[in-house]
> 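Quick one: this structure, given as structure tokens, is what I'll be asking you about.
Proteins get letters first, then strands, A, B, ... in listed order; numbering begins at 1 in each.
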Protein chains: 2
Amino acid sequence: MDHTRWLDAEEMRMWTAFLGAGTLVDRELDLQLKEETGLTHLQYGIMAALSDSPRGAMRMTELAERLINSKSGLTYQVGQLEKAGLVRRKPCDWTRGIVAELTDEGRAALERAAPGHVAKVREVIVDVLTPEERRVIADALGRVRDRLLEGEEGTCW
Amino acid sequence: MDHTRWLDAEEMRMWTAFLGAGTLVDRELDLQLKEETGLTHLQYGIMAALSDSPRGAMRMTELAERLINSKSGLTYQVGQLEKAGLVRRKPCDWTRGIVAELTDEGRAALERAAPGHVAKVREVIVDVLTPEERRVIADALGRVRDRLLEGEEGTCW
DNA sequence: ATCCGCAGGTTCAAATTTGAACTATGAACG
DNA sequence: CGTTCATAGTTCAAATTTGAACCTGCGGAT
């Protein structure tokens, strides 16, 4: 009873490209960020998320969802950033909980880090693709992501 | 002197989709594998690589390259697999070094794990995309990956 | 009021990952 | 042969990640 539909050559080509690119791109960005700014990609992600947020602050759980990370992982990394003086925790005004907020120093660090980071993102992926490819990937992988996010409703790690 | 070319909306859409899909797909596969077989995605990758190999065995360094992982990480995980009796280490015949080789038990475990794994890969990504999207992604991300692999010649972590 | 149940966060131990040192062995060369 | 080098793997401590157990405040039902 082998009902398994194995991957054909073309499907496998896509799958390995996707996996390999994901791993390598991530590593490359991590190296560049650590090298130039001492931040990890995750830490940069946290700060970028805070900076994007309309209030300049986010609740821990929102952060965890947005960055797709476990709550305890976030607690740890926000702790690191707090030690470094880049982020501050404070009780949340508009609802129970705690928000993380960029300090002035944190905002400055992010602004210093951003140009190099964006340049690297362009170098390793954005500028390597054609506009058409970017469009297709945005649609296709956006769909993949959204389906997984939905399936996750109410899941809490 | 702000020469930074920031990402426009479309570029950002692609970038976040790529990042998000990468993270979520990886997590999903890890969960499924641990749940059904007790293996991590990395361990599955190691065993699959060994199984693919013409000799049914690979040198540690080859494995590290193929799986895009650090050497010490491999040492650790191969150690785990060895403890579990799924993999065996032995001195390499045709050149110095050590090869890892699937045991019979390991091969059996891989065969048990594969159908569920492939099904999940289809469910989360392969079957979510159209053939045309798969083709574009294979080409585009394959290029991204290969450029990074080249730039890495001689790098050893 | 009091008791549940739970959402938001944290803590803690265990597992994993990292990177830098370290060991060992084969290859090239005199 | 003996020396020197580069390569293949391992080891070790430190950093990070995980998941489960644990606090805590709060709303609603009784």
> Look at B:D8 together with B:R13 and state whether they make a salt bridge at an N to O cut-off of under 4.0 Å.
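Looking at B:D8 and B:R13, the cut-off is not met.
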
> Is any NZ, NE, NH1 or NH2 atom of the basic residue among A:R143 and A:D139 found under 4.0 Å from an Asp or Glu carboxylate oxygen of the other?
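Salt bridge absent between A:R143 and A:D139.
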
> Between the base of C:dG9 and the side chain of A:T75, is one N or O donor paired with an acceptor at under 3.5 angstrom?
no

> Strictly by modelled atom types, are A:E36 and A:Q32 linked by a side-chain donor-acceptor pair under 3.5 Å?
yes

> Please report, rounded to the nearest Å, how far the P atom of D:dT18 is from the CG atom of A:L67.
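Spelled out: CG on A:L67 to P on D:dT18 is 13 Å.
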
> Would you kindly give the NZ-to-P distance between B:K71 and C:dG19, to the nearest whole Å?
13 Å

> State whether B:R89 places a side-chain N or O below 4.0 Å from either non-bridging phosphate oxygen (OP1 or OP2) of D:dT10.
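Looking at the OP1 and OP2 atoms of D:dT10, one of them is under 4.0 Å from a side-chain N or O of B:R89.
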
> Check this for me: does the side-chain of A:T61 come within 3.5 Å of the base of C:dG8 through a donor and an acceptor?
no

> Between B:E62 (CD) and D:dT7 (P), how many Å, whole number?
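Atom CD in B:E62 sits about 16 Å away from atom P in D:dT7.
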
> To the nearest angstrom, how far is B:D26 atom CG from D:dT17 atom P?
14 Å

> Treating Ile, Leu, Val, Met, Phe, Trp and Tyr as nodes and any side-chain heavy-atom pair under 4.5 angstrom as an edge, say whether B:L39 and B:L63 lie in one connected cluster.
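Yes, one cluster joins them.
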
> Quick one: do B:R55 and B:E101 make a salt bridge, cutoff under 4.0 Å?
no

> Can you tell if the side chain of A:V25 reaches within under 4.5 Å of the side chain of B:W15, non-hydrogen atoms only?
yes

> Does a side-chain N-to-carboxylate-O contact under 4.0 Å join A:E10 and B:R135?
no

> To the nearest Å, how far apart are A:K34 NZ and C:dT18 C1'?
8 Å

> Starting from C1' on D:dT11, measure out to CE on B:M60 and report it in whole angstrom.
13 Å

> Report yes if at least one side-chain N or O of B:S70 is closer than 4.0 Å to OP1 or OP2 of C:dT17; otherwise report no.
no

> What residue among A:I125, A:V124, A:V126 forms side chain to side chain contact (heavy atoms under 4.5 Å, CB included) with B:V144?
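Of all the options given, the one that passes is A:I125.
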
> Nearest 0.5 Å, please: how far is CZ in A:R27 from CG in A:L31?
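Going from the CG atom of A:L31 to the CZ atom of A:R27 covers 7.0 Å.
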
> Expressed in angstrom and rounded to an integer, what is the separation of B:I98 atom CD1 from C:dG26 atom P?
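Rounded to whole Å, this separation is 11 Å.
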
> Enumerate the protein-to-nucleotides 14-16 of chain D contacts in which both atoms are nitrogen or oxygen and the separation is below 3.5 Å.
| from | atom 1 | to | atom 2 | distance (Å) |
| --- | --- | --- | --- | --- |
| D:dT16 | OP2 | A:Y76 | OH | 2.6 |
| D:dT16 | OP2 | A:Q80 | NE2 | 3.4 |

> Looking for any heavy atom pair under 4.0 Å, which part of the strands does B:G97 touch: base, sugar-phosphate only, or nothing?
sugar-phosphate

> What does the list of N/O pairs under 3.5 Å between the protein and nucleotides 26-28 of chain D look like, with a distance for each?
none

> Please state how far atom CD1 in B:I46 lies from atom P in D:dG9, giving the value in whole angstrom units.
13 Å

